Amino acid sequence: MIFAEVHLLESRVYRGIGNLSKSKVRLLQTLYCPPHLQAVLDLQSGVLHAEDKDYATAYSYFYETFENMSSQDDPAALNALKYMLLCKVMLNMPEDVTSLLSINLAVKYAQLREIESMRAIALAHQNQNLSDFEKALPDYKQKLSSDPTIRSHLAALYDTLLQQNLLRIVEPYSVVEIGYVAKKVGQGRQDVEAKLS
């Protein structure tokens, strides 16, 4: 069990310094371990797959973690649930967030502020509404920015939403004024120009 914990720690350190391949290798070297430690290893595996943008695999690891930790009433189950919701959004399936929160294990977490923040992000993504997304960030700043995993993926999601909004505005025209586009998306002219180019 000590070896498993050492491998988990090494995996976290390698992830922290940006070496995802070594981080994954350290997790694969772990043999049998107790259920709680297995849940922690699954959580780390999910985080690594999410970093690689393999959100479907990450979701399955997070789901296993959530089931395991929820059955033990571990407060860390909340993180696994947040990451599951994040994966659904990143997989472009934000409508699944509501149904996911209605399963028996998730109901007790559904009204927590952390989950409300993820629900707001999912709704903004579902509506492809950049201003709702930007509004959710300061409203839930502490809950969203305190978690490095959530924070890094929200930056990518923001970029995606901005691109979608820009495409929706620019698409019907053959010539556009940058100032008009910037005004429509509520962004600075230089930011819009950089994104369009």
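Nothing fancy with the numbering, it's 1 onward along the sequence. Fair warning: this is a prediction, and the values are worked out from it, not measured in the lab.
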Heavy-atom side-chain proximity of Leu130 to Gln187 below 4.5 angstrom =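 Leu130 reaches Gln187 side chain to side chain.
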Verify the cluster assignment for [X] and [Y]: are they in a single hydrophobic cluster under the rule of side-chain heavy atoms below 4.5 Å apart?
X	Y	answer
Val13	Leu37	no
Tyr173	Val181	yes
Leu91	Leu123	no
Leu157	Met84	yes

Any salt bridge (Lys or Arg N to Asp or Glu O under 4.0 Å) pairs touching [range], not counting sequence neighbours?
range	value
residues 186-197	Asp159-Lys195
residues 162-174	none
residues 89-102	Lys88-Asp96
residues 54-79	Asp73-Lys108

Value rounded to 0.5 Å, distance of [atom1] in [X] from [atom2] in [Y]:
X	Y	atom1	atom2	result
Gln44	Thr65	CD	OG1	10.5 Å
His153	Thr160	NE2	OG1	12.0 Å
Ile150	Leu86	CD1	CG	4.5 Å
Gln164	Gln128	CD	CD	4.5 Å
Leu85	Leu81	CG	CG	4.5 Å
Ile169	Lys183	CD1	NZ	12.0 Å

*Can you list the steps and then say if Leu144 with Met118 is a side-chain contact (heavy atoms from CB on, under 4.5 Å)?*
CA-CA 8 Å; Leu144 294 172; Met118 295 308 297; 4.0 Å; yes
The side chain to side chain donor-acceptor pair (under 3.5 Å) partner of Thr149 among Arg15, Glu51, Lys82 is Arg15
Which pair of heavy atoms, one from [X] and one from [Y], lies closest together, and at what distance?
X	Y	answer
Ala136	Ile121	CB-CD1, 3.9 Å
Ser70	Leu105	CB-CD2, 4.0 Å
Tyr61	Asp42	CB-O, 3.4 Å
Pro94	Ala122	CB-O, 3.3 Å
Leu48	Ser11	CD1-OG, 3.7 Å
Arg12	Val40	NH2-CG1, 3.1 Å

- Other than Ile17, what residues sit in its cluster of Ile, Leu, Val, Met, Phe, Trp and Tyr side chains whose heavy atoms are under 4.5 Å apart, directly or through others?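 Joined to Ile17, directly or through intermediates: Tyr14.
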key: Under 3.5 Å side-chain donor-acceptor pair for Glu134 and Tyr158   =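 There is such a pair (donor and acceptor under 3.5 Å, judged by atom type) between the side chains of Glu134 and Tyr158.
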Between Tyr55 and His49: side-chain donor-acceptor atoms closer than 3.5 Å: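 Note: Tyr55 and His49 side chains miss the donor-acceptor criterion.
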Qualifying residues under ring pair (Phe, Tyr, Trp, His ring centres under 6.0 Å), relative to Tyr140, sequence neighbours excluded:
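Tyr140 satisfies ring pair (Phe, Tyr, Trp, His ring centres under 6.0 Å) with no residue once adjacent residues are dropped.
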Residues at least two apart in sequence or cross-chain that pass ring pair (Phe, Tyr, Trp, His ring centres under 6.0 Å) with Tyr59, listed by chain then number, are none
Taken in chain and number order and not counting sequence neighbours, the residues that satisfy side-chain contact (heavy atoms from CB on, under 4.5 Å) with Gln72 are Pro35, His36, Asn68
Taken in chain and number order and not counting sequence neighbours, the residues that satisfy side-chain contact (heavy atoms from CB on, under 4.5 Å) with Asn129 are Asn127, Ser131, Asp132
Would you sort out whether Arg119 and Glu116 count as a salt bridge (Lys or Arg N to Asp or Glu O under 4.0 Å), showing the intermediate values? CA-CA 5 Å; Arg119 188 181 288 133; Glu116 288 293 325; 2.6 Å; yes
- Task: Would you please test Glu114 and Leu78 for side-chain contact (heavy atoms from CB on, under 4.5 Å) and show each step?
- Result: CA-CA 8 Å; Glu114 289 91 339; Leu78 179 60; 3.7 Å; yes
For residues 79-106, the ring pair (Phe, Tyr, Trp, His ring centres under 6.0 Å) pairs (sequence neighbours left out) are Phe62-Tyr83
Self-check item: Any pair counted as ring pair (Phe, Tyr, Trp, His ring centres under 6.0 Å), so long as it reaches residues 85-116, sequence neighbours left out
Solution: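 Residue pairs passing ring pair (Phe, Tyr, Trp, His ring centres under 6.0 Å), neighbours aside: Phe66-Tyr109.
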Stepwise, does the side-chain contact (heavy atoms from CB on, under 4.5 Å) test hold for Leu166 with Val192?
CA-CA 8 Å; Leu166 289 173; Val192 169; 3.9 Å; yes
Sequence neighbours excluded, the answer for salt bridge (Lys or Arg N to Asp or Glu O under 4.0 Å) partners of Asp52 is Lys24
**Report entry** Check against ring-ring contact (aromatic ring centres under 6.0 Å, His included), Phe133 and His125
**Finding:** CA-CA 7 Å; Phe133 185 85; His125 185 269; 8.3 Å; no
